[in-house]
Structure formats: C-alpha cells, structure tokens
Amino acid sequence: MTEHEFVKVPVTGAKEIKLVTTDAKDNGNTADHTVWADAKLVENSNKLTLNIPKSVATKVGEPINIKEEYSAMDPEDGDLTAKVKVIGADKVRFDRAGKYEISYVVTDNDGNETQKTRTISVVNMEDYKYLSNFDWKSTQNSYTAPLKDLSISAKTLRLTDESNKEVAYEKGIGAHSNSTIVYDLTDKQSDYFTSFVGVDRQMYGSVGSVIFQVFVDGEKQFDSGLMNSRDPQKFIEINISGAKELKLVVTDGGNGNGSDHATWGDTKLHYANSERVYTNELEKEVEEAKVIDKEIYTSESFNTLQNAIAKAEEMLANNKATQIEVDGVLASIIEAKKALVEIDLTQVIVTNDRYLSDSVKKTLGLAGDITLGNMLKLTTLISNSGRVSVNSHFISSKKHELFSNSFSLTSILF
Ligand SMILES: [Ca+2]
Ligand SMILES: [Ca+2]
C-alpha cells in the first residue's frame, strides 16, 4: 500500500480491537514506517436530542397554532429535524373536547428511533371537578385553618356581585388571612383553574380587606389587588395544563387581619373530557338526508340511505353511543349520500295506446316523446274517456316498474 486509505470497521459489541501492520510479504521491513492517522472510536449512539413543544390546553372553539417548532440533533448525523415525522396533528379538533396526542418520531442513520409525544387538551369548561372535593397538600395559617365548602365563620360561602347583591356558593373554600393553601396537581389531570374571590358577605361593610394571589408551580399567575369588604367579587381563570402545584394565597391587605374572611367561591378544576360525545354533525346530516328527493334515485340506493338514517335516529334517541359510534354512523350516511344513483329521467316511455299517450302529452304540453322525467312531473291525468286517473303518489309507488328497462306506460296504468 503506497497511498493513504480510509478504514471504517464496525465494532458494535466487540471486546477487543487489534491493529496489525505486516511487512507485506517478500520485501522485509525496510522503511516500513506506518501511520494510523486520526484513529478514533465513533459511537453510533441513540443519544439523539429531540425537542418538541410542550403539552398545551385550550378551550373548545379557541384554536391554537399547533405547528410549533421542534428539532432533532444527532451526535453522529447532525441536524435531523427534516426527518422528524409528526403524527396526529391533523386529528386535533378544536370544536370537540378531548385529549389529542401528537407524536414526533425520528430515526437516525443507524436506525435508532426516538419518539416523543405531547397532548393538546381541548376543554369544554362545563367539564370540571370542584377543587374542594380534593384534599389540599398543606396549609399555612396565621389565624385559623381554612374550611371546605363553608365560609370561615362556618356558614354558606357568600360574595358580592357587580350590582352589590349577595351571591351564594355551595362549593369553595373559606379562609382567613394570612392563608396559604397548596394543592398537588400531578394526579388531577386538569387544564384550567377558575374561582370567584372576595371578602365574604358576612363581613360586608367591615374593615375586612385582603389580597388574593394564585401561584402555579411557584409563579404568580393572579393577583386580585386590594379587595375591601364591599368590593364585588373577582373571577380568576388560569391555564394550569401540565402544572404540578397550585398555591392559593390570601394576605391581610396591609391593615391587619381583622374581619379578613376571605372566600374562594365556586372553585373548579376544568379538564379535557374525551368521553364527551358530539352529535351536532350527525343531527345536521340526518336532517339534510331526510329531505333528499326520493323520486330521482333508484330504490336500492335510496333504501341504503334510509337504513343509515334509521340507525342514526335510533342512536340519537338512545343517547348512549360513543363518539366513535356516532362518527361511524355519520360516515355511513355521507357514504350512502355519495352512492345515490339517479334514475335516468330521459328514458322514453313506450305505449301502444295512442289515446292514452295523447292524453299524457296533452296534460303535460308535450310535443315529442314522453320521458320518465315527464311522468314524474305528472300530478293528475284524466283521459277524455274518464277511464284513466293517476297522480304522482301512484307514479312514485310504481317507481320500481318505472325504473325497469322494459316497461310500458299501459302496464303501469292498467
Ligand atoms: Ca446516532
Ligand atoms: Ca386586612
């Protein structure tokens, strides 16, 4: 060997590597200065770094951009971002509550697959659990411990509304400044926290004055400012998707804790409910399918649609179907609609009864042949002799015969 050569040898799983240089047989070892240049062990690792966006939550009807940035960097192959496959992003529906998973999958040049998943939670705010149904993790109180579902004076939780009227809440927390209540959110699968807050109505007109604060994972997400005893309640709504800890704080507002009855009213954790079943699309489709004109389609194709409609109506009436079942029937109606076969209305009607034929033409004002379409327009036909009388109901009840290729008008009418 006279020139340099690049050598690449797989050593996966090997225990020993031995580098050998010989004298290339016959000419001895004179001047055999050999060099292993830039010798290195390259790791074909699966230590790829895949960065994906965080799981997020939004409300039904409030779409968010889910095509956020992601990246894939492999120690050996470099930037593999272009090879990342995003799966499930097209299945996210912002018009339906649910938890939608988006997976990011990338395979490096050595075949190592890396996958990460995040969840898009779409929340109907009517899906909630009351916070007071859970135990808090800890409380710190300078005066007295908080109460679940009662004001701090052990009465109904009450606040003051915008028009200065009393509002009562069955659920919530009664606290007294200074108060800190901590909840562990890791087992609660919630996406939004909501609550009304204010000085309890019990202390209306008193010196009671407090400040409410909400911390999510140690970060302050809400501050009520100073609330006096006559102030109307304030509403809190915080996105807590993916959060681990919720901390509810009441301070004394700087004037001491006298009369500081602080009420957290109607305090809720809202979640993305995958069990919620949406039937609005099915209802709309059934409504539209029911007014389809049966006259212009073959009985067979029209009956298929009728069966799908009947199944849908049964499903809508019993109210027990899952979303998958509802969507299945919806698909079958859409399919049946597409598969409707139109009757050939240009088909010419044949009759040997000249008299009858003339009567039909006269009634419809026709000059040429009588077509099936003409017949379906026929609402009344009375021959001059008075022996023929037919209406559209009769015609449609005879559709099978009308549709067959070998009928004659007389066979229908007599
Ligand atoms: Ca690699
Ligand atoms: Ca105070």
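Atoms within each ligand, like the ligands themselves, are counted from 1 in listed order.
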I324, CD1 atom: more than 12 neighbouring heavy atoms under 6.0 Å: no
Hey, do the aromatic rings of F196 and W264 have their centres closer than 6.0 Å? no
Which N, O or S atoms belonging to the protein are less than 3.0 Å from the Ca ion (ligand 1)? S45 O, D74 OD1, D74 OD2, E76 OE1, D108 OD2
Using 3.0 Å as the cut-off, note every protein N, O or S atom close to the Ca ion (ligand 2). S209 O, D252 O, N255 OD1, G256 O, D260 OD1, D260 OD2
Donor-acceptor under 3.5 Å (T346 side chain, D344 main chain): no
Check the surroundings of atom NZ in K337: do more than 12 heavy atoms from other residues, nucleotides or ligands lie under 6.0 Å from it? yes
Quick check on Q115: does its CD atom have over 12 non-hydrogen neighbours (other residues, nucleotides or ligands) under 6.0 Å away? yes
Electrostatic pair R118-E68, nearest N-O below 4.0 angstrom: yes
Would one find more than 12 heavy atoms of other residues, nucleotides or ligands at under 6.0 Å from atom CD of E76? yes
Measure from the side-chain N and O atoms of R158 to the backbone N and O of D200, and report whether any donor-acceptor pair falls under 3.5 Å. no
Got a donor-acceptor contact below 3.5 angstrom from the E325 side chain to the T322 backbone? yes
